[in-house]
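In what follows, a single structure is set out as structure tokens and then discussed.
Note that ligands are numbered from 1 as they come in the structure, with each ligand's atoms numbered from 1 the same way. Quantities reported herein were computed from a predicted structural model and do not represent experimental measurements. One-based numbering along the sequence shown.
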Amino acid sequence: MKVNETEKLFYSDPYLRETKARILKVAGDGGRIRLLLDRTIFYPEGGGQPSDRGVIEGDGFRLRVEHVHGKDEVWHEGVLEGRMPEEGEEVRLSIDWEWRYENMRAHTGQHILSAIIKGLYGAETTGFQIFPDHCKIEIDYRGELGWDVVTRIEELANEVVWGDVEVEIEVYDELPGEVERRLRKTLSEKVKPPIRVVRIGNVDVTPCGGTHVRNTREIGLIKVLRFYRKSRKLWRVEFATGKRALRSLNEILEDYWRSLDGMPNKNRPLVERVGEVMGELESRERLIDELRRELWSWKGKALLDRAEEVGGVKVVAHVDDADMKDAQAFAVHLVDKNPGTVAVVGGRKYVLIARNKDVEGLSAVEVLRRALKRIGGGGGGSDNLAKGGGFRVSPEEAVSAVVEEVKKVLMS
Ligand SMILES: [Zn+2]
């Protein structure tokens with residue numbers, strides 16, 4: 001063993017929750033420090049498995065461990081309470097056991113899931129990550145993944161879980177050919193001896209540096225929660241094991257039943273109820289559209305009745321409460337339906353002008369620009385439709401400025 005190498009007790013006994021160790025080095029000062037120990041039960045982050053958390057205690061101090069990292073030298077980082085620890089001191093270690101155990105269940109569950117997927121479809125697992133509430137794997141599955149395929153994978157994986165299969169850890173300086181041939185994935189060249197191989201009965205043999213349970217039944221359940229395409233070649237599969245599987249399922253079920261309870265018809269399946277509500281929404285949108293057109297037609301009639309006629313063209317002037325998008329739709333609708341019409345509409349922070357195409361010799365954008373020169377602001381558009389804003393006057397004044405310019409053109 002090298003001088004500062006940390007003995008990794010989580011390998012010799014992954015079920016060890018407490019132990020004693022000696023401090024080799026102390027780094028940092030005050031609130032946040034790091035400790036290097038001669039031995040540890042804290043798993044350092046790696047291979048998709050997050051680091052352990054827990055407590056390191058000595059006489060007069062306590063370190064709340066939040067992050068553990070390092071390969072040969074394992075450093076424990078966290079928040080210090082009490083005095084600064086010193087090199088050579090003895091400390092008591094205890095890990096957050098629930099956190100670690102759920103990670104062990106998850107990691108072992110991933111081996112099984114990946115082995116089943118490869119066995120059934122030849123798809124490799126190209127990535128793996130454990131999160132606090134679920135796990136994620138990436139697989140190079142060709143084709144479309146659906147719930148039928150996922151259910152088949154899940155059933156076989158859980159047969160292994162419930163089948164009471166021993167999980168054995170073998171440690172080699174050099175891999176025997178017999179073991180190497182059976183590996184699910186080839187050993188990375190980065191891995192240096194001792195090589196740890198995880199064997200799950202005749203289901204899976206794979207090199208791995210994580211922590212695992214002793215027997216598959218400890219996993220409890222492997223539940224796929226979600227899957228989606230990540231890229232052209234890769235799919236992501238999210239799953240949970242043990243207590244996390246139960247929690248995730250409850251969260252999803254609570255969401256499901258609460259959503260269903262919020263529906264006008266509370267009978268399953270939710271997907272049909274959502275379809276009904278969406279259909280209702282669409283028909284209401286169609287109705288709103290019809291009503292809007294009817295309103296526009298009445299509003300248009302009223303405005304045309306009191307419109308001023310200049311040189312044979314009806315000039316509609318109107319100040320509207322609607323936002324610019326709606327006001328524009330109305331103005332365009334009005335002039336399109338009525339030949340020989342120009343509409344000038346102003347509202348909060350905008351003024352717009354629309355003409356029927358047959359009103360020749362009057363360019364909407366030119367008229368608008370001339371008006372804006374007098375009242376300030378800017379805008380643009382085409383001969384048929386132009387919009388402006390940023391002027392310093394009221395909407396009424398903006399409308400009459402544009403109307404004045406329209407009249408000048410029509411009377412010339
Ligand atoms: Zn593993």
Between Y172 and E170, do the side chains contain an N or O donor and an N or O acceptor separated by less than 3.5 Å?
yes
Hey, what do you get for CZ (F128) to CG (L113), rounding to the nearest 0.5 Å?
10.0 Å
List the steps, then state whether side-chain contact (heavy atoms from CB on, under 4.5 Å) holds for T6 with D72.
CA-CA 6 Å; T6 308; D72 298 328; over 6 Å; no
Strictly distance-based, threshold 3.5 Å: is any side-chain N or O of Q49 a donor or acceptor partner for the main-chain N or O of H107?
no
Measure the spacing between CG of N356 and NZ of K314 and express it to the nearest 0.5 Å.
13.0 Å
Return all protein N, O or S atoms below 2.8 Å from the Zn ion (ligand 1), chain by chain in residue order.
H107 NE2, H111 NE2, C208 SG, H212 NE2
Taking the six-membered ring for Trp and the single ring otherwise, decide whether the centroids of F42 and F10 are under 6.0 Å apart.
no
